[in-house]
Participant: 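Shown below is the structure under consideration.
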Amino acid sequence: MTIKQEDVVRWIKASADVLHENRDYLTKLDAAIGDADHGANMDRGFRAVISKADEFADKDIGTIFKTVGMTLLSTVGGAGGPLYGTFFLQMGMKTAGKMELSLEDWTTALEAAVNGVVMRGKAELGDKTMVDALTPALNALRKAVEENRSIDEALQAAAQAAKEGMEATTPLVARKGRASYLGPRSAGHQDPGATSSYLLLQAATHTLGSNDRPSQ
Ligand code: ADP
Ligand code: MG
């Protein structure tokens with residue numbers, strides 16, 4: 001089993017859909033501890049990505065991810081845009097020229113993506129940011145590779161770890177980003193960026209795995 005180029009295209013489209021559906025939810029979360037724009041930011045960015053879908057539909061996986069990263073960088077402002085832009089650009093570097101990915105390839109790409117976010121934003125685990133969803137997801141993928149799990153199992157484990165990481169942001173006091181300006185008042189609210197990261201990884205479970213893949 002591998003992740004195919006067309007699965008990646010489906011993941012990007014499913015991500016755009018889920019971010020659009022959750023636009024108000026993400027905005028509500030950002031209204032509590034930020035400036036109420038995370039839903040609009042992510043939706044705008046991924047709509048711009050989808051407007052280029054014809055351009056990248058038949059390209060290699062690296063080119064697809066680079067297009068996503070560049071588009072997010074140029075259309076999404078704030079903290080989230082550059083961080084997600086970096087995330088996808090890094091994925092693109094690791095998957096350059098590839099038309100399919102093994103679970104190891106996917107894990108290597110996600111590792112570079114998460115490292116890119118950490119380098120750029122300097123957030124550590126527990127700072128109440130997207131890193132709190134992404135790092136546990138990466139660890140779950142690494143463990144799945146070690147245990148020779150299937151791609152489906154690995155993607156499920158990663159999404160589950162991201163979900164737990166996202167939920168664990170609620171009691172935390174933010175130490176990075178806009179929410180950190182609130183100090184202790186940021187506690188009691190789930191982090192918007194951790195939530196969008198979870199949504200992306202959740203969308204991966206039913207597009208990159210074989211579970212709900214249309215029969216061929
Ligand atoms: P802004 O905060 O500029 O309005 P968004 O609302 O789009 O940008 O994104 C906010 C999210 O960005 C936060 O919920 C958090 O997860 C993430 N974030 C902010 N700063 C950092 C950082 N330094 N490192 C990682 N993630 C960060
Ligand atoms: Mg915001």
Side-chain angles (χ1 to χ4, degrees), residues 12 15-50 65 68-91 109-140 158-159 161-204:
I12 298 303
S15 296
D17 287 344
V18 78
L19 290 168
H20 184 65
E21 285 155 22
N22 285 278
R23 180 189 161 117
D24 291 347
Y25 174 53
L26 292 172
T27 292
K28 198 183 93 197
L29 294 176
D30 197 30
I33 55 171
D35 56 355
D37 65 355
H38 191 61
N41 286 346
M42 297 304 290
D43 188 33
R44 184 174 60 253
F46 272 83
R47 276 171 172 244
V49 168
I50 293 309
F65 285 147
V68 174
M70 295 298 289
T71 307
L72 295 180
L73 275 181
S74 61
T75 56
V76 187
L83 291 167
Y84 277 117
T86 300
F87 182 93
F88 282 101
L89 284 178
Q90 290 294 330
M91 299 254 292
L110 208 91
E111 182 166 48
V114 176
N115 286 343
V117 168
V118 169
M119 294 255 293
R120 184 146 193 162
K122 308 268 184 292
E124 290 172 15
L125 203 60
D127 282 352
K128 197 180 180 98
T129 71
M130 60 178 75
V131 170
D132 291 351
L134 294 173
T135 296
L138 173 60
N139 290 337
K163 183 169 192 273
E164 287 164 19
M166 165 191 85
E167 288 167 353
T169 62
T170 300
L172 298 175
V173 172
R175 287 193 293 250
K176 280 285 181 300
R178 217 175 269 281
S180 66
Y181 307 157
L182 291 178
R185 279 190 294 135
S186 62
H189 304 279
Q190 186 172 298
D191 180 62
T195 309
S196 54
S197 288
Y198 160 68
L199 292 172
L200 292 176
L201 293 168
Q202 175 58 30

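Not measured: the values here are computed from a predicted model. Heads up: numbering here begins at 1 and tracks the sequence. Just follow the structure's listing: the first ligand is 1, and inside any ligand the first atom is 1.
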Participant: Check whether any side-chain heavy atom of K128 sits under 4.5 Å from a side-chain heavy atom of V173, and report yes or no.
Facilitator: no
Participant: Provide the protein N, O or S atoms situated under 2.8 Å from the Mg ion (ligand 2); waters are not included.
Facilitator: D30 OD2, D35 OD1, D37 OD1
Participant: Report, in ascending order of atom number, the atoms of ligand 1 lying under 4.0 Å from any heavy atom of G78.
Facilitator: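 Near G78, the atoms of ligand 1 are 3 (O).
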Participant: With a cut-off of 4.0 Å, which atoms of ligand 1 are near a heavy atom of D37?
Facilitator: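 Atoms satisfying the 4.0 Å criterion: 4 (O), 5 (P), 6 (O).
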Participant: Answer yes or no: does an N/O atom from A79 fall short of 3.5 Å to an N/O atom of ligand 1?
Facilitator: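 Yes, A79 has an N/O under 3.5 Å of an N/O on ligand 1.
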Participant: Closer than 4.0 Å to some heavy atom of A123 - which atoms of ligand 1 meet that?
Facilitator: 24 (N), 25 (C)
Participant: Given 3.5 Å as the limit, does a donor-acceptor pair link the side chain of D127 with the main chain of T129, or not?
Facilitator: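 Judged by distance alone, no pair lies under 3.5 Å.
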Participant: Which atoms of ligand 1 are found less than 4.0 Å from any heavy atom of P192?
Facilitator: 14 (O)
Participant: With nothing but distance in play, are any N or O atoms of V117 less than 3.5 Å from an N or O of ligand 1?
Facilitator: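 So ligand 1 has no N or O lying under 3.5 Å from an N or O of V117.
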Participant: Which of the numbered atoms in ligand 1 are below 4.0 angstrom from a heavy atom of K176?
Facilitator: 23 (N)
Participant: With a 4.0 Å cut-off on heavy atoms, is G34 touching ligand 1?
Facilitator: no
Participant: As an exercise, identify every atom of ligand 1 less than 4.0 angstrom from a heavy atom of G177.
Facilitator: 19 (C), 20 (N)
Participant: N41 heavy atoms, cut-off 4.0 Å: which ligand 1 atoms fall inside?
Facilitator: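 Counting atoms of ligand 1 from 1, those under 4.0 Å from N41 are 5 (P), 7 (O).
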Participant: Numbering the atoms of ligand 1 from 1, which are under 4.0 Å from a heavy atom of L83?
Facilitator: 18 (N), 21 (C), 22 (C), 24 (N), 25 (C), 26 (N), 27 (C)
Participant: Looking only at non-hydrogen atoms, which of S197, G193, A174 approaches atom 11 (C) of ligand 1 most closely?
Facilitator: G193
Participant: Kindly confirm or rule out an N or O of D30 lying under 3.5 angstrom from an N or O of ligand 1.
Facilitator: yes
Participant: Decide whether an N or O pair under 3.5 Å exists between G121 and ligand 1.
Facilitator: yes
Participant: Quick one about S196 and Y84 (side-chain donor to acceptor, distance below 3.5 Å, no hydrogens or angles considered), yes or no?
Facilitator: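 Y84 vs S196: donor-acceptor pair found between side chains.
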Participant: Just by modelled atom types, is the L26 backbone N or O under 3.5 Å from a matching donor or acceptor in the D30 side chain?
Facilitator: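 Not at all, since once roles are kept as given, no pair shorter than 3.5 Å links the two residues.
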Participant: Would Y181 and S186 count as having a side-chain donor-acceptor pair, cut-off 3.5 Å?
Facilitator: no
Participant: Check this for me - ligand 1, D35, N or O atoms closer than 3.5 angstrom, yes or no?
Facilitator: yes
Participant: Considering distance alone, does some N or O of H38 sit under 3.5 Å from an N or O of ligand 1?
Facilitator: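 Between H38 and ligand 1 (N or O atoms, distance only) the closest approach is under 3.5 Å.
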